[in-house]
Amino acid sequence: TLKLLWTFDAGDSIESSAAIVDGVVYVGSQSSDLIAVSLADGTLRWKYKVKDGIGESSPAVHGDIVVVGDLSGTVHAVRAKDGKGLWTFAASGEVKASPVIVEDKVIIGSYDGNLYGLSLKDGKPVWQFKTNGPVHATASVADGLAYISGCDGVLRGIRVADGKEMISITTGSYTGASPALY
């Protein structure tokens, strides 16, 4: 039998999935906040203010770093323990894709048509791959390739190490969804 344990008022809608790590729930809201609350009782641990609302971009957590994109096109990395900003990266279009952290890189797409490989340490671009449309999909990663389905009708496998396209399959239609791997 399910029963409600707690609620938290985020101030506006939550359109992404939460990341839950070590008893903390990390989630973004349209009220322009990245929020950390206790999983046990829903009490606020911290809020980090972004420039514009956080849409479908779900936070990713790696060690003591939380990464999320916002609708102004900025990718944010904050310290998990206290919400202190570590770095930002400005894309040229809104970020609705969720970040994927692979080794020392943050893989994330933007509506500016690029898939970015950013340094987890400082947010500087290690590489970027230009598509012919917005990158709404969250990358699925396997065997060193980041797979994205494209709003330009192409399924791609981009090498995480250097951003080189290794696979390209024309699907014939707009695909905003993230690919599933088996």
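By convention here, the first residue in the shown sequence is residue 1.
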Which residues pass the salt bridge (charged side-chain N to carboxylate O under 4.0 Å, His left out) test with [X], not counting sequence neighbours?
X     : value
Glu56 : none
Arg79 : Asp82
Glu15 : none

If we only count heavy atoms from C-beta on, is the [X] to [Y] side-chain gap below 4.5 Å?
X      : Y      : answer
Asn132 : Val154 : no
Glu103 : Leu120 : no
Val75  : Pro99  : no

(request) Using ring pair (Phe, Tyr, Trp, His ring centres under 6.0 Å) as the criterion, list what pairs up with Phe129, not counting sequence neighbours. (result) none
(request) Keeping to residues at least two apart or across chains, list the ring pair (Phe, Tyr, Trp, His ring centres under 6.0 Å) pairs with something in residues 93-128. (result) Phe89-Tyr116, Tyr111-His136
(request) List the atom of Ala19, the atom of Val61, and the distance in Å for their closest heavy-atom pair. (result) CB-CG2, 4.0 Å
(request) Check Ala97 against Val135 and note the closest heavy-atom contact, atom names and distance. (result) CB-O, 4.1 Å
Using the test side-chain contact (heavy atoms from CB on, under 4.5 Å), find all partners of [X] that sit at least two apart in sequence or belong to another chain.
X      : value
Val102 : Val100, Ile107, Val141, Val160
Val126 : Lys105, Ser119
Asp143 : none
Asp162 : Arg159, Lys164

Kindly list each side-chain donor-acceptor pair under 3.5 angstrom involving residues 47-55, sequence neighbours excluded, with atom names and distances?
residue, atom, partner, partner atom, Å
Tyr48, OH, His76, ND1, 3.1
Lys49, NZ, Ser31, O, 3.3
Lys49, NZ, Asp33, OD1, 3.2

Between side-chain atoms of residues 174-182 and protein atoms elsewhere (two or more places apart, or another chain), which donor-acceptor pairs fall under 3.5 Å?
residue, atom, partner, partner atom, Å
Thr175, OG1, Ser173, O, 3.2
Ser178, OG, Thr138, N, 2.8
Ser178, OG, Thr138, O, 3.3

Using a 3.5 Å cut-off and no angle test, enumerate the donor-acceptor pairs between side-chain atoms of residues 3-10 and protein atoms at least two apart in sequence or in another chain.
residue, atom, partner, partner atom, Å
Trp6, NE1, Leu39, O, 2.9
Asp9, OD1, Gly11, N, 2.9

(request) Say whether, by atom type as modelled, one donor and one acceptor occur between the side chain of Ser110 and the main chain of Gly93 under 3.5 angstrom. (result) yes
